[in-house]
2 protein chains.
Amino acid sequence: MPVQIKISEETFTPRQQAVLTAALDLLVENGDGLTMTAVARRASCSKETLYKWFGDRDGLLTATVQWQAAKVRMPTVDRSHLSAKVLRESLEQFARDLLTTIVGEVSITLNRTAITHAAQEKDSLGNIVLENGPLAIRRRLKPILEAARDARLLRFNSSEDAYRTFFGLVVRDVQIRLLLGDKALTQSNVEANIEADVKAATDQFLALYGAKANI
Amino acid sequence: MPVQIKISEETFTPRQQAVLTAALDLLVENGDGLTMTAVARRASCSKETLYKWFGDRDGLLTATVQWQAAKVRMPTVDRSHLSAKVLRESLEQFARDLLTTIVGEVSITLNRTAITHAAQEKDSLGNIVLENGPLAIRRRLKPILEAARDARLLRFNSSEDAYRTFFGLVVRDVQIRLLLGDKALTQSNVEANIEADVKAATDQFLALYGAKANI
DNA sequence: CCGCTGGCGTACCGTACGGTACGGTTCCGC
DNA sequence: GCGGAACCGTACCGTACGGTACGCCAGCGG
């Protein structure tokens with residue numbers, strides 16, 4: 001059973017969002033040096049309020065990650081007008097969004113935090129990030145791939161494999177190297193190459209899965 | 001300048017290796033609940049000895065990761081007898097080793113620890129894991145790819161791009177999902193598919209970069 | 001004007017853990 | 001056999017931080 005994501009119903013008040021913003025900022029700046037005292041001071045609120053609103057430190061962390069992760073937006077594609085051109089542009093848009101997100105400091109911080117969390121028995125943060133990261137992409141991309149197959153634009157047996165190949169072609173070793181703090185991969189350095197990488201990944205994906213007319 | 005890896009000169013005594021083993025075991029079992037007291041108790045040594053040998057907690061952690069990461073062995077390929085068959089087998093061997101390593105609990109733990117570490121200003125662990133993970137593969141794979149290009153078995157402009165594509169095709173979303181604790185990806189579950197994934201990734205890589213005779 | 005509620009600031013408590021000190025024991029060179 | 005080094009076990013210290021309690025003020029309904 002997948003994790004219940006209930007952003008819509010569980011709305012935060014503006015004041016609470018300010019607190020969450022402060023928490024996220026601290027997380028991004030300070031690594032995991034996120035202490036309740038620091039958040040309270042940054043947000044100009046009392047620790048008692050934090051505990052009242054979020055229960056405990058984990059609750060604050062979860063709320064922060066959940067609130068931020070839900071902000072990631074996926075491109076929407078009209079499946080009814082699928083042509084080779086539209087398909088390519090859609091794939092490029094997915095690749096661009098994916099790369100742009102992954103490279104961002106917020107994403108790096110959230111993934112690091114969730115991974116740190118997963119290193120203990122806790123997996124809630126990992127699930128949230130998964131659900132709003134790789135799995136969200138999978139959910140959005142698979143129908144498009146299948147529609148493209150139906151339109152004879154792509155050929156594959158398993159849409160799952162096709163999605164994962166696309167993911168691999170786009171992300172490559174960028175994410176793990178960023179998470180590990182590879183200094184050879186500065187953010188600006190990677191950002192400058194996003195367009196070229198997007199194009200290359202799409203070309204490669206279409207070369208592998210496209211009907212020959214679309215290569 | 002890359003990180004200096006000096007395992008060979010900086011040899012640990014058997015007793016010290018036993019301590020490092022205990023530390024690694026605790027790391028794998030307990031997530032990052034690695035306390036000096038726990039290591040001392042597990043290894044039946046005194047905390048004073050730990051501090052004497054490793055300086056501080058970070059030193060112990062670094063020694064553990066470094067010692068373990070250096071154990072990863074890469075396949076060696078004879079570049080002089082490169083045929084299409086040998087190339088394919090070499091690529092499959094790389095893919096197999098990479099996947100097998102990534103899936104292992106030790107690798108997951110080490111990567112998580114290094115990423116947690118990188119979330120603070122510390123990047124030493126990240127560098128060690130990088131150097132013995134992705135970058136080690138790059139170092140070993142690139143010469144082979146270039147030799148294959150010289151032998152007209154592969155075609156590409158940038159061996160860097162070729163390596164990164166190979167990495168992406170092999171790893172896909174497996175590593176990040178494992179790091180995030182995706183329960184849909186049990187270790188045994190993934191292990192069962194390694195052979196098929198290895199073959200698929202190699203096929204795809206050769207389809208993209210192989211001279212047509214080798215597809 | 002009064003009392004109540006929500007929230008700020010701060011002081012406080014308990015605990016976990018990094019790091020140190022010290023007494024006791026084993027082992028090795030002499 | 002003896003002195004010393006290495007090391008074990010444990011008690012101890014300081015601090016950082018999660019979590020709680022309390023005093024205070026502002027706003028607001030009556």
Side-chain angles (χ1 to χ4, degrees), chain A residues 10-65 67 109 112-114 116-122 124-125, chain B residues 10-65 67 109 112-114 116-122 124-125:
Chain A
E10 187 175 334
T11 285
F12 299 110
T13 69
R15 184 74 182 101
Q16 286 172 333
Q17 292 187 26
V19 170
L20 294 179
T21 302
L24 185 67
D25 287 350
L26 276 175
L27 219 53
V28 172
E29 292 172 21
N30 227 346
D32 73 339
L34 181 77
T35 72
M36 302 301 276
T37 307
V39 174
R41 189 157 40 220
R42 174 73 65 105
S44 292
C45 72
S46 72
K47 281 168 70 176
E48 196 169 16
T49 303
L50 291 184
Y51 285 101
K52 185 176 187 179
W53 285 349
F54 304 104
D56 57 2
R57 185 176 180 278
D58 252 30
L60 173 60
L61 217 50
T62 304
T64 305
V65 171
W67 174 68
T109 300
R112 279 181 179 160
T113 306
T116 301
H117 215 69
Q120 293 122 15
E121 61 270 19
K122 319 268 188 181
S124 54
L125 291 191
Chain B
E10 188 174 333
T11 286
F12 298 109
T13 69
R15 183 73 180 105
Q16 286 172 333
Q17 293 188 24
V19 170
L20 294 179
T21 302
L24 184 67
D25 289 349
L26 276 175
L27 219 52
V28 172
E29 292 171 22
N30 226 350
D32 75 338
L34 182 77
T35 70
M36 301 301 275
T37 307
V39 174
R41 191 157 40 222
R42 175 71 67 102
S44 293
C45 72
S46 72
K47 283 169 69 176
E48 196 170 18
T49 303
L50 291 184
Y51 284 100
K52 185 173 184 180
W53 285 349
F54 304 105
D56 56 4
R57 185 177 180 279
D58 252 29
L60 173 60
L61 216 51
T62 303
T64 304
V65 171
W67 175 68
T109 300
R112 280 181 178 160
T113 305
T116 301
H117 214 69
Q120 294 122 12
E121 61 271 19
K122 318 267 187 179
S124 54
L125 292 190

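Every chain is numbered from 1 and lettered A, B, ... according to where its sequence line falls, protein lines coming before strand lines.
Between the CZ atom of B:Arg42 and the C1' atom of D:dC8 there is a distance of 18 Å, given to the nearest Å. One can place CG of B:Leu60 at 13 Å from C1' of C:dG19, the figure rounded to the nearest angstrom. Rounded to an integer number of Å, the gap from A:Gln16 CD to C:dG6 P is 13 Å. Here the P atom of nucleotide C:dG19 and the CZ atom of B:Phe54 are 14 Å apart, to the nearest Å. One can place CG of B:Asp56 at 10 Å from C1' of C:dG19, the figure rounded to the nearest angstrom. When rounded to the nearest whole Å, the span between CE of B:Met36 and C1' of D:dC13 equals 16 Å. One can place CG of A:Leu50 at 12 Å from P of D:dT20, the figure rounded to the nearest angstrom.
In the set C:dG19, D:dG19, C:dC8, C:dC8 carries the atom at the smallest distance from any side-chain atom of A:Ser46. Listed candidates were C:dC17, C:dT20, D:dC8. Nearest to the side chain of B:Thr35 is C:dC17. Out of D:dG18, C:dC8, C:dG19, the shortest distance to the side chain of A:Thr49 is found at C:dC8. Closest to the side chain of A:Lys52, from the set C:dG6, D:dA11, C:dG9, is C:dG6.
Nearest heavy atoms, B:Ala22 versus B:Arg42: CB-CG, 3.5 Å. Between A:Lys47 and A:Met36 the shortest heavy-atom distance is CG-O, 4.2 Å. For B:Val39 against B:Leu34, the heavy-atom pair with the smallest separation is CG2-CD1, 3.3 Å.
Heavy-atom distances to DNA chain C give each of B:Glu48 and B:Tyr51 a nearest nucleotide, and the one nearer the 5′ end belongs to B:Tyr51. Each of B:Leu34 and A:Lys47 was assigned the nucleotide of DNA chain C with the nearest heavy atom; the assignment lying further toward the 5' end belongs to A:Lys47.
Judged by distance alone, with hydrogens and angles left aside, the side-chain atoms of A:Gln120 form no donor-acceptor pair with the main-chain N or O of B:Gly31 at under 3.5 Å.
A close approach under 4.0 Å does not occur between any side-chain nitrogen or oxygen of A:Trp53 and OP1 or OP2 of C:dG6. OP1 or OP2 of D:dA16 has not a single side-chain nitrogen or oxygen of A:Arg57 nearer than 4.0 Å.
Across all strands, A:Arg41 comes closer than 4.0 Å to no nucleic acid atom at all (heavy-atom distances).
Rounding to the nearest 0.5 angstrom, the gap separating the OG1 atom in A:Thr62 from the CG atom in A:Asp56 is 8.0 Å.
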